[in-house]
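Note that these values count all heavy atoms, side chains included, but never hydrogens, waters or copies made by symmetry.
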Amino acid sequence: MTSVTDSLRLAADFAPATYDDWRKLVDGVLKGAPFEKLVGKTYDGLKIEPIYRRAHDAAPIAGRPAAAPWTIMQRIDHPDATMANAQALHDLENGANGLTLVFAGANGAYGFGLDPSAEAIEKVLDGVFIDAGIAIELQIGPQSRMAAIHIAEYVKRRGLTPTACDIRFGLDPIGACAVWGSSPYAWPEIVPAVTGAIKGLVAMGFRGPFAAADGRVIHDAGGSEVQELAFALAAGVAYLRALEDAGVALEDTQGMIYARLAADADQFLTMAKFRALRLLWARVEQASGLAPRPILIAADTAWRMLTQRDPYVNMLRATMATFAAGLGGADSINVLPHTLALGLPDPFARRAARNTQLVLLEESNLAKVSDPAGGSGGIETLTQQLCEAAWSLFQEIEKAGGVFASLEQNLIQRKVAATRAVREANIARRKEVLTGASEFPNLHEAQVAVLEAKPVALAPYGEAKFKFDALPPMRLAAPFEHLRDRSDQILKDKGARPKVFLANLGTPADFTARATFAKSFFETGGIEAVEFLPASREVPSPLPSGERSTPQASGEGAVASDRNPSPAPAPSAQERPLPMGEVKDFAPLATAFKASGAALVCLCSSDKTYAGHATAAAKALQAAGARHIYQAGRPGEHEAALRAAGVNDFIFAGGDALAMLQESYRLME
């Protein structure tokens with residue numbers, strides 16, 4: 001009988017695998033192709049290797065204490081103060097241990113937000129014991145800046161001890177100016193207002209932190225990880241410098257500033273980004289002659305990754321983002337509810353956001369290990385690369401006069417715009433996939449419930465005397481969603497969506513792959529796919545949405561709608577069509593097209609079948625009234641003949657799907 005000890009020794013009988021062994025196997029698979037083919041790149045141009053060696057000499061990054069869970073924050077943004085209070089109490093009773101109070105006009109408000117008046121704040125906090133270990137974070141903008149003072153006055157009025165209250169006041173005029181693209185005041189005028197407010201809060205006994213270095217500004221605008229880190233670092237240094245100039249001892253500024261970063265579904269980059277910020281801020285403190293202390297880092301799951309279509313996928317995105325931020329060392333995490341891009345989230349969406357963190361903490365035990373990414377070759381390398389690139393960009397910002405001067409010179413905005421343009425091109429070409437929006441759409445998805453609420457009306461905030469390029473938030477899925485909205489409006493006005501007829505040629509083995517691709521391609525833009533199924537002997541007829549024709553005996557092709565795209569029942573031996581090589585009559589295809597109600601056609605089959613029949617099919621369809629004919633797949637050497645036969649465009653992986661779909665609507669009009 002083999003003992004447990006003997007079993008554990010089995011591995012010793014095998015030679016250890018080395019990197020060189022792995023490379024030999026990879027080179028054999030590549031068959032002469034360059035190894036660089038396996039190396040990915042981030043939007044900052046940082047290389048992501050396919051495999052890494054263990055980082056034996058990596059030191060753990062000081063941050064959240066070992067085994068200490070991050071704070072579960074819940075977003076409170078209902079414009080009605082009474083409703084907001086009910087949400088806050090429910091959240092705290094059901095697992096949240098912190099509240100993110102998002103005020104109207106804040107960078108993260110996204111259309112809603114709390115009333116910043118003293119009366120509304122008192123209602124929102126009624127019954128909330130903010131001196132009992134409940135974290136409070138404020139997200140405020142220029143028009144709601146007095147909310148910080150009102151919160152402080154509320155604490156004093158209730159007779160609470162300020163030092164017992166964990167309040168992050170969220171003062172961030174730099175972030176607000178960046179998003180707005182303007183300011184009524186120059187930076188020398190802003191500094192005394194900010195530092196005066198901070199010194200006043202300190203005098204009242206509050207321990208802070210007070211100023212937020214908010215990297216979400218860059219992330220929301222489509223920027224990269226390096227740009228987000230450099231902006232947060234530069235904003236933090238600007239506040240640090242302002243406080244020192246206002247007479248605050250440099251040692252006392254530690255703890256007055258905190259950072260806020262966006263966490264998205266790119267797990268490894270998000271983990272590396274949070275780790276990198278800790279190292280970068282420690283370097284700032286060392287350069288200032290201070291002994292480094294871990295900066296508090298708050299995480300918000302990313303706004304730009306949210307989709308309006310198939311919003312339940314947002315739950316998966318938020319789970320990945322929370323996982324990454326938690327393992328990256330975030331001190332607190334605020335999960336945006338999955339329906340936020342559609343409106344004010346209902347109780348179910350809020351519950352799902354809260355429970356995402358509860359499950360990861362209490363069932364997956366993610367906080368039990370300190371810096372779990374430490375020693376991972378891939379994440380350590382990414383962390384170091386982000387540090388080096390972000391520090392270089394930070395130095396460029398400092399040379400330009402600091403973060404505010406860089407905004408005035410549009411230095412930061414130009415870099416973000418360049419990254420956003422590349423990102424948008426990748427989205428348009430579906431190289432960067434958004435499930436449910438740019439891939440795998442569902443034209444018949446049910447509507448998702450959101451709350452009805454009237455946003456808070458805010459008074460204007462001064463005349464914009466200093467103007468520069470703005471960095472407004474964006475969502476990656478928006479261009480495809482605009483097309484879906486257009487389709488919905490056509491359905492509402494005319495009773496049917498715009499359609500494309502998928503002219504499947506040959507057998508299912510020939511056309512299924514490209515028909516599936518074409519269906520997804522067109523329906524991401526809201527153009528319903530109606531399929532011709534040559535394997536069935538059915539008489540085509542116009543079909544209501546969601547229905548399919550029944551088998552007939554005429555020998556003509558079948559039409560299947562979006563809801564029922566599967567092939568018809570297998571025909572009998574007498575009904576089976578002739579092999580494609582023997583087909584000479586495309587009349588059934590033309591008849592089916594006329595019955596479909598579509599204006600557009602897409603040929604779908606294999607290259608072999610295209611070679612023998614695409615031109616004849618295109619001519620028949622053009623004669624039947626097809627307004628525009630596409631072919632799924634690259635044309636290759638037959639492009640000239642296909643275009644001469646009536647094929648107008650070709651759809652394929654990597655092509656500009658967004659531009660093609662926008663042009664499709666123009667053609668149908």
**Request:** Mind checking side chain to side chain contact (heavy atoms under 4.5 Å, CB included) for Ala246 and listing every partner two or more places apart, or none if nothing turns up?
**Result:** Thr195, Lys199
**Request:** Take the angle between the ring planes of Tyr461 and Tyr185 and call it parallel below 30°, perpendicular above 60°, tilted in between.
**Result:** perpendicular
**Item:** Result of checking Phe394, Trp187, Phe231 against Val403 for side chain to side chain contact (heavy atoms under 4.5 Å, CB included)
**Value:** Phe231
**Message:** Run Met315 and Thr356 through side chain to side chain contact (heavy atoms under 4.5 Å, CB included) and show every step you take.
**Reply:** CA-CA 8 Å; Met315 292 183 180; Thr356 296; 5.9 Å; no
**Request:** Before giving the answer on side chain to side chain contact (heavy atoms under 4.5 Å, CB included), spell out for Asp172 and Tyr239 the whole-Å C-alpha distance, their side-chain angles and the decisive distance to 0.1 Å.
**Result:** CA-CA 9 Å; Asp172 184 26; Tyr239 293 134; 2.6 Å; yes
**Message:** Once rounded to the nearest 0.5 Å, what's the spacing between atom CH2 of Trp391 and atom CG of Leu279?
**Reply:** 11.5 Å
**Listed partners of Phe103 passing ring pair (Phe, Tyr, Trp, His ring centres under 6.0 Å), at least two apart** = none
**Request:** Only pairs at least two apart or in different chains count here, so list each side chain to side chain donor-acceptor pair (under 3.5 Å) that has a residue in residues 225-237.
**Result:** Ser224-Gln227, Gln227-Thr419, Glu228-Lys273
**Item:** Contacts of type ring pair (Phe, Tyr, Trp, His ring centres under 6.0 Å), residue Phe206, not counting sequence neighbours
**Value:** Phe169
**Message:** Under the rule for side chain to side chain contact (heavy atoms under 4.5 Å, CB included), what residues qualify as partners of Thr163, not counting sequence neighbours?
**Reply:** Thr161
**Item:** Validation row: Asp77, Leu340 side chains within 4.5 angstrom (heavy atoms)
**Value:** yes
**Test side chain to side chain contact (heavy atoms under 4.5 Å, CB included) applied to Ala132 - qualifying residues, sequence neighbours left out** = Phe129
**Item:** Donor-acceptor under 3.5 Å (Thr42 side chain, Asp44 main chain)
**Value:** yes
Side-chain donor-acceptor contacts of residues 111-125 below 3.5 Å, not counting sequence neighbours, with atom names and distances?
unit_1 : atom_1 : unit_2 : atom_2 : d
Asp115 : OD1    : Ser117 : N      : 3.0
Asp115 : OD1    : Ser117 : OG     : 3.3
Ser117 : OG     : Ala120 : N      : 3.2
Glu122 : OE1    : Arg157 : NH2    : 3.1

**Asked** Listed by chain and number, what are the side chain to side chain contact (heavy atoms under 4.5 Å, CB included) partners of Ala464, not counting sequence neighbours?
**Response** Ser182, Lys467
**Prompt:** Which pairs with one or both residues in residues 131-143 pass side chain to side chain donor-acceptor pair (under 3.5 Å), sequence neighbours excluded?
**Reply:** Glu137-Tyr258, Glu137-Arg260, Gln139-Arg216, Gln139-Asp300
**Fill in**
Those residues at least two apart in sequence (or on a different chain) that pass ring pair (Phe, Tyr, Trp, His ring centres under 6.0 Å) with Phe274 are none
**Request:** Please confirm whether the backbone N or O of Arg423 pairs with a side-chain atom of Glu432, one donor and one acceptor, at under 3.5 Å?
**Result:** no
**Asked** Got a sec, which residues hit ring pair (Phe, Tyr, Trp, His ring centres under 6.0 Å) with Trp303, two or more places apart in sequence or on another chain?
**Response** Tyr110
**Message:** Less than 4.0 angstrom from a charged side-chain N to a carboxylate O is my criterion; do Glu396 and Lys415 meet it?
**Reply:** yes
**Prompt:** Can you name the residues that form a salt bridge (charged side-chain N to carboxylate O under 4.0 Å, His left out) with Asp220, not counting sequence neighbours?
**Reply:** none
